[in-house]
Q: 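There's a structure below that I have some questions on.
Residue numbers start at 1 and run along the sequence shown. No experiment lies behind these values; they were computed from the predicted model shown. Both backbone and side-chain heavy atoms feed into the values below; hydrogens, waters and symmetry mates do not.
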Amino acid sequence: MTSSPRGRILRGAAGLLLAGAVHALTFSPGPLPGWALATTQILMLAIAARVTLYAPSAKQAWARGWLFGFATYALGLYWIFISLHRYGDLSAPLSVAAVLALSAFLALFPATASALARRYAPLSPDSPPSRILSSTLAWAAMWAAFEWLRAVLLTGFPWLNIGYAQVDGPIAGWAPLLGVHGMAFLSAFAAAAVASLWQPSRKAGIRSRHALAAGIALALAAAGWPLSRIDWSSPAGDPLNVRLVQGNIEQSQKFDPALLEQSLIRHLDLTAMPPAPGVPAPQLVILPETVLPIFQDQLDPRIWDTWRGLAAQRNTVIAMGVPLHDRVNGRDRYTNSVVGFDGNTPLDQLLTGSTAMRYDKRHLVPWGEYVPPGFHWFVDMLNIPLGDFDRGARRQTPFAVGGQHIAFNICYEDLFGPDLLPALQPGPNGEPGATILVNVSNLGWFGDSWALRQHLQIGRLRTIETARPMLTSTNTGITAAIDAKGRVAAQLAPQQAGVLPVAVQGMTGLTPYARFGDKTALALIGLALIAAVGSGRKARRR
């Protein structure tokens, strides 16, 4: 019995939603194992490529791409509900609606990419090899281009970029050359090539013409293995002994003034802990974002003196996340910052936020650290401490500790690879570039959710792109040390207070990505689009 058109449409939509949901599982280990992420993602993307490139019209390709993307973002970003409802006191229905609205908006990017690929480079079962190749290139280039657009439009939100699913696959070998957007292009090309192998008839075998694009995609992916073995950087100086602190302060308590003293005592105790037998004393202690949840000039000077005395007693440098208030040219300035100090740092510098080692966050979170025009109504509904912070400079001097040069980033700044690159370059007066990257975060807003593991996966890719180790110090997890090849050397379990002692080897030297940023990947994507669209137009004129 033949099914009705409505039934086929509903089954197709359900299948796309399922594929998009499985796709959402590929951006960090759990529930899928790490070794399965890259392959699973290619297969799910292949489904999206198949149903959009062979769609009857660009309009239907748009709808299919939107369904796939919506399912990916709605499930992959479910943890935003936790911050809005559990910690923001927004009602459950409104919190769900906010996540779904964000997902619906983000899904516009893959939807539009799918529609444009179908419009300019459609596929049919009898397409010649050149047409198959041009169509798969067009689909890949469109998806990668719109992934890049999602990273920059309206300050950008590149979470769940398809390149992040490939951290443990061979395509990651291309990261030092092309960055995450180049990886997204290669991933999408591989997926579209797999889709082109599918035949509508079970009796029809895979002919050589169908295997051309797949062969090229396989060769490009395989090339990632030897590329991953190249040492793009070399050791600089002696390893630095570092202690990473994870205070595990419950988010509902973090900004409670009555519990401020309790939080500070916990972090003081973790900082002051003697090293375990056989573990060197830390030269640097790193504490998470907003360890001090009030501005530095609101804290009793005696407490700052206690911290300074602890640094002197342990002969160490302490770096902590703290919001700063200072005055510049007669104007009040507020920043989400990291300050570094030792026992010799003048107390006045800590009180005024004028320490020599200071990093001010540059890429601020919309609605969290600044309120976009027209959205104060939404912020007024939340019970979350928010502010309108000022942005830091594009390049800020890395902290010099123990012969290493340490570049900090805060919260989700490590999503934006190009923003990390200026610190790797020599300064305007020849100052050394960063040898170690450090991310300090407070992911307590999202509980013990996928957000923690997804963020760690993002940090791993940044280390591969830059050939620099990265340390992550977070309030509730995941606090970890990642080497310059993207391997997690050590980590603390989430939702537990503790310290992580690590010896981290600083690295010097610039990868091609560190030199040119996204320019190489964007040029590759642009050339692929021009070639594919031009080929498609020639084919239609014949």
Side-chain angles (χ1 to χ4, degrees), residues 21 24-25 27-28 30-31 70-106 157 159-160 246-260 262-264 266-267 287-294 321 323 336 364-372 375-387 389 410-412 415 439-458 472-479 492-498:
L25 306 180
F27 293 95
S28 64
F70 177 75
T72 293
Y73 299 124
L75 181 59
L77 301 175
Y78 79 93
W79 38 265
I80 295 176
F81 171 87
I82 299 172
S83 65
L84 296 176
H85 178 58
R86 184 187 303 175
Y87 300 117
D89 291 338
L90 192 66
S91 69
L94 285 177
S95 298
V96 170
V99 174
L100 295 181
L102 175 63
S103 302
F105 169 74
L106 295 176
F157 187 66
W159 208 288
L160 303 189
Q246 182 171 290
N248 195 39
I249 304 299
E250 168 61 35
Q251 191 59 40
S252 60
Q253 302 175 2
K254 186 171 178 63
F255 292 96
D256 188 340
L259 300 174
L260 174 61
Q262 175 183 323
S263 172
L264 288 175
R266 179 180 296 184
H267 285 100
L287 297 100
E289 178 187 12
T290 58
V291 163
L292 183 65
I294 59 175
N336 185 0
L364 303 178
V365 180
W367 299 286
E369 292 167 323
Y370 78 95
V371 181
F375 283 92
H376 281 273
W377 63 271
F378 181 72
V379 171
D380 292 340
M381 299 173 65
L382 300 175
N383 184 26
I384 294 178
L386 305 171
F389 285 109
I410 300 175
C411 187
Y412 82 151
L415 267 75
N439 174 268
V440 295
S441 300
N442 174 30
L443 298 178
W445 293 109
F446 311 114
D448 188 9
S449 67
W450 294 354
L452 281 62
R453 298 190 295 277
Q454 291 171 356
H455 194 216
L456 181 64
Q457 202 82 338
I458 290 165
T472 67
S473 180
T474 67
N475 175 28
T476 58
I478 297 174
T479 294
L492 290 176
Q495 307 292 301
Q496 296 180 20

Q: So which atom in A98 and which in L84 form the shortest heavy-atom distance, rounded to 0.1 Å?
A: CB-CD1, 3.7 Å

Q: Using modelled atom types only, decide if a donor and an acceptor are shared between the side chain of E289 and the backbone of G321 within a distance under 3.5 Å.
A: no

Q: Rounded to the nearest 0.5 Å, how far does CZ of F389 lie from CG of N336?
A: 5.5 Å

Q: Look at the side chain of N475 and the backbone N and O of N248, then say whether any donor-acceptor pair between them is shorter than 3.5 Å.
A: yes

Q: Hey, could you give me the CD/CD distance between Q246 and Q495, rounded to the nearest 0.5 Å?
A: 8.0 Å

Q: Quick one, S473 and V440 - any side-chain contact, counting heavy atoms below 4.5 Å?
A: yes

Q: Look up atom CG in L452 and atom OG1 in T479, then write down how far apart they are to the nearest 0.5 Å.
A: 9.0 Å

Q: Ignoring hydrogens, what is the shortest heavy-atom contact between V291 and L287? Give both atom names and the distance.
A: CG2-CB, 3.5 Å

Q: Not counting sequence neighbours, which residues clear ring pair (Phe, Tyr, Trp, His ring centres under 6.0 Å) with F157? List them please.
A: none

Q: Any non-hydrogen side-chain atom of S28 less than 4.5 Å from a side-chain atom of L456?
A: no

Q: Using the ring pair (Phe, Tyr, Trp, His ring centres under 6.0 Å) criterion, which residues pair with W79? Sequence neighbours excluded.
A: W159, F446

Q: Does any part of the side chain of L443, heavy atoms only, come nearer than 4.5 Å to the side chain of I478, both counted from C-beta?
A: no

Q: Does the side chain of S95 reach to within under 4.5 Å of the side chain of L90, using non-hydrogen atoms?
A: yes

Q: With heavy-atom distances below 4.5 Å as the criterion, would you say the side chains of H455 and T472 are in contact?
A: no

Q: When you measure from the side chain of Q454 to the backbone N and O of G76, does any donor-acceptor pair fall under 3.5 Å?
A: yes

Q: Search all heavy atoms of G444 against all heavy atoms of Y87 and return the closest pair with its distance.
A: O-CE1, 3.3 Å

Q: What's the spacing between Y78 OH and L100 CG if we round to 0.5 Å?
A: 15.0 Å

Q: Would you give the length of the straight line joining atom NE2 of H267 to atom CG of L292, rounded to the nearest 0.5 angstrom?
A: 10.5 Å

Q: Over all heavy atoms of both residues, which pair between S263 and I249 is shortest? Give the atoms and the distance, please.
A: OG-CG1, 3.7 Å

Q: Any side-chain heavy atom of L106 sitting closer than 4.5 Å to one from L77?
A: yes

Q: Checking Y73 side chain against L160 main chain: does a donor-acceptor pair fall under 3.5 Å?
A: no

Q: Please report the shortest heavy-atom distance between P494 and D448, naming the atom on each side.
A: CG-OD1, 3.9 Å

Q: Looking only at non-hydrogen atoms, find the nearest pair between F81 and A92 and report the distance.
A: CE1-O, 3.7 Å

